[in-house]
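No experiment lies behind these values; they were computed from the predicted model shown.
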Number of protein chains: 4
Amino acid sequence: MALPRSGPVRSEAARIAILDAAVALFAERGYDHLTMEGIARQAGVGKQTIYRWWPSKGDVIAEAILEGKLLGGRRDLPRTGDARGDLTAWLTDLFTLRGSADGEGLLHSIVAAAAGNAETGRRLRSEILAAPLSDRLSEALGGATGPRLAAAADALVGAVILRALSREHFDETDMRALVDAVIGTP
Amino acid sequence: MALPRSGPVRSEAARIAILDAAVALFAERGYDHLTMEGIARQAGVGKQTIYRWWPSKGDVIAEAILEGKLLGGRRDLPRTGDARGDLTAWLTDLFTLRGSADGEGLLHSIVAAAAGNAETGRRLRSEILAAPLSDRLSEALGGATGPRLAAAADALVGAVILRALSREHFDETDMRALVDAVIGTP
Amino acid sequence: MALPRSGPVRSEAARIAILDAAVALFAERGYDHLTMEGIARQAGVGKQTIYRWWPSKGDVIAEAILEGKLLGGRRDLPRTGDARGDLTAWLTDLFTLRGSADGEGLLHSIVAAAAGNAETGRRLRSEILAAPLSDRLSEALGGATGPRLAAAADALVGAVILRALSREHFDETDMRALVDAVIGTP
Amino acid sequence: MALPRSGPVRSEAARIAILDAAVALFAERGYDHLTMEGIARQAGVGKQTIYRWWPSKGDVIAEAILEGKLLGGRRDLPRTGDARGDLTAWLTDLFTLRGSADGEGLLHSIVAAAAGNAETGRRLRSEILAAPLSDRLSEALGGATGPRLAAAADALVGAVILRALSREHFDETDMRALVDAVIGTP
DNA sequence: AATTAAACGAGACGGTACGTCTCGTCTTATT
DNA sequence: AATAAGACGAGACGTACCGTCTCGTTTAATT
């Protein structure tokens, strides 16, 4: 039973404007250059309206992830019947995020956001990265579940992230080697 | 033939003081709260002396990594004869870094530094993370080299980093599952 | 003929709570630090209830003066038979207000309120400062009235205010010199 | 013996730009609406440059008064031989300040500044208000000095200020009555 | 009694300004 | 010429209030 409370209710319009502004600026300039003041300006909102509901820019981004605003439809794996091929394609696509934003790279920014904010880190893995792989990866591993499946998913995604952080190229050969390393040679 | 030049040369004392100050503040407060001004203050050095030699805080940290000041002796793998056990121990040790700094966690800070600075990212992987594993990992994989070896190293280290970013626990079972996934069940 | 109207009438309790809160905060922290939000909080009242009836904090204070809440019983002159002595005592008492509030001084705050708000200024002089003097001062001046009396009252009170604003001390000698200057040497 | 110190010296250009901006905004909008941010904007200066040298807007105005930037040449009394007439003219001129700024009135603003800032209050009386009167007033009083002279000066100026604060008109008759009250009928 | 509408407490909203912090550049005097 | 020191214009930080605007509740006068 909730406490009855009078007064105006939270503005959904402001909430959406803030998340959209945050996502737009994030994609444009990266996590480091994202500022609360910039979000407020872009969203046409008072700063206090942001601080009233989110303690930091990291939490704004975390909520944007939850709403699927940050990486839109990118989360779904293709489903061609060839599990190995689908995984490879998805991982390649993920690596490509590295270079899509101006200056910093969207993947770098997402990692920076995750490093700086617990909630973002939590959601990044569970909702964006490892989760979509699970089904197909389980197939490819012959029905693995639990720690075994989680470890394989983390190994694949983690390797891609590490390569992106190291700014090294990551060609088809490398990707094949990675998939082989984790789910075995066919 | 070098150009003749008058005046004092670069002060090695200042260079060291700056790197030490950067490392101390990094460990204490994390990468996000590390500031050029703070480093200068702590090192007893003018700000210009930092900017003269490094373009950003990320590059200061990158150099500190190169000097081995950031993660000291932690880079070496144990060598007990049991390659699988040595790798597991080293990876567990790496994961533990997650919680060693105040507030943010040293591993999170290192990842943030790598995400924000290309040179740090480059060195992080080549000199700190993947490199030390190579020898023992190659053994464990029956003499693998090249992309195969690199992929396996990235998979192991990347998985640990991803788990750290997600703030999830990572117990012995998980670690064993990871090693099994990458180098096969014994 | 009033328009017929249904609904509740103005709450006298709220009105009094607001004035009392305003006076308390004014005395405590001075006019500059007095805020509408603070008054509402202290009075346990919605902000709109204040804005509904007063356009600014200055007007709240003006009404508090009118109600005699601001300077309580201080407005009355003693009546000992010695008009000169009574005036001197009252003026000295007025000057003493300078130091009675925390930080700013009540007299400074009253002057600031008068400077910032026409209504407060109007009432300050007519009801608080010059008015109480009139009778005894008229006596002391041998029955003067009109501009002559007003000028003398303003000269006495204005001099005290100016001394307070200048933060200079104002001892018995000074006060005697002032009274002599305005109502002549005995 | 001053401590030797290296580093850049305070920028005189910035100091002047700040004082000029403060004076311009003060005259335009009054003391209450004067803001540090507005001064910085108008002066083309970082906020920190103001806060580095002055703790509050009141102190900026106090320094502007000291430099004679606030009331320019207005401080001098005319000298026609008729001391009483000169004083009357000067006091009338002072009262006129009441209405010269938009909205608040310059005299109200000066009083507000003095009420809110000790240094401004101190300088207001000693350098702007009472001081210029002294010579001619002493003449008019037949050579009075010390507390007697100070009291007369404060009475004249204070009365004018009080009338201004009360928003009452103050015509020639009133002014004559005031001068008569303080320096006697001719 | 039922209806109607204003006053109320609470507080969200778009803003402005606060005073502090750091940025990266620049200017000094010293070594 | 490199240094320690630090002033400078710039702008973000997180907080406090501004005055306006809903909300849901309470309370009277009018039906």
Report task. Measure from CD1 on D:I39 to C1' on F:dA10 and round the result to the nearest Å. Result -> 18 Å
Query raised in the report: Looking for any heavy atom pair under 4.0 Å, which part of the strands does B:R15 touch: base, sugar-phosphate only, or nothing?
Result: nothing
**Report entry** Whole angstrom value for the distance that separates C1' of F:dC13 from NE2 of A:H33
**Finding:** 16 Å
Report task. Would you kindly give the CD1-to-C1' distance between A:I50 and F:dT15, to the nearest whole Å? Result -> 14 Å
Query raised in the report: B:D32 CG to F:dC13 P: how many Å, rounded?
Result: 13 Å
Query raised in the report: With respect to D:L70, which candidate in D:V23, D:L124, D:T120 satisfies the side chain to side chain contact (heavy atoms under 4.5 Å, CB included) definition?
Result: D:V23
Requested in this report: State which of F:dC8, F:dG14, E:dC8 makes the closest approach to the side chain of D:R52.
Outcome: F:dC8
Query raised in the report: Between F:dT15 atom P and D:M36 atom CE, what is the distance in whole Å?
Result: 22 Å
Query - B:H108 vs B:L165 side-chain heavy atoms within contact, under 4.5 Å - result: yes
Query raised in the report: From E:dC13, F:dT22, E:dG9, pick the nucleotide closest to the side chain of A:P8?
Result: F:dT22
Query raised in the report: Does D:T49 put a side-chain nitrogen or oxygen below 4.0 Å from OP1 or OP2 of F:dG9?
Result: yes
Query raised in the report: Could you state the CG-P distance from C:L34 to F:dC17, rounded to the nearest angstrom?
Result: 10 Å
Report task. Ignoring the backbone of B:K47, work out which of E:dG24, F:dA2, F:dT20 is nearest its side chain. Result -> E:dG24
Query raised in the report: Does NZ or CZ of C:R15 come closer than 6.0 Å to the centre of the six-membered ring of C:W53, within 45° of the ring's axis?
Result: no
Query raised in the report: Is the shortest heavy-atom distance from the side chain of A:V60 to the side chain of A:I50 under 4.5 Å?
Result: yes
Query raised in the report: Between E:dC18, E:dT22, E:dC13, which nucleotide gets closest to the side-chain atoms of D:Y51?
Result: E:dC18
Query raised in the report: Taking N and O atoms by type only, does the side chain of D:E37 place a donor or acceptor under 3.5 Å from a partner on the base of E:dC18?
Result: no
Query raised in the report: Do B:L19 and B:W54 touch side chain to side chain, with heavy atoms closer than 4.5 Å?
Result: yes
Requested in this report: Quick one: label D:G38 by what it contacts on the DNA or RNA (base, sugar-phosphate, nothing), any heavy atom closer than 4.0 Å.
Outcome: nothing
Report summary line: Comparing C:G46 with B:T35, nearest DNA chain E nucleotide closer to 5' gives the residue C:G46
Query raised in the report: Ignoring hydrogens and geometry, is there a side-chain-to-backbone donor-acceptor pair from B:K57 to B:L34 under 3.5 Å?
Result: yes
Report summary line: Comparing nearest nucleotides in DNA chain F, the 5'-proximal residue of the pair C:S56, A:G7 is C:S56
Query - Separation of atom CD1 in B:I18 from atom C1' in F:dA2, rounded to whole Å - result: 12 Å
Report summary line: Atom CH2 of A:W53 and atom C1' of E:dC13 are separated, to the nearest Å, by 11 Å
Requested in this report: Compare the minimum distances between each of F:dA4, E:dA17, F:dC8 and the side chain of D:S6, then state the nucleotide with the smallest one.
Outcome: F:dA4
Requested in this report: Among the candidates F:dA5, F:dC18, E:dC8, find the nucleotide nearest to the side-chain atoms of B:Q48.
Outcome: F:dA5
Report task. Please determine if a side-chain N or O atom of D:R41 lies less than 4.0 Å away from the OP1 or OP2 oxygen of E:dA17. Result -> yes
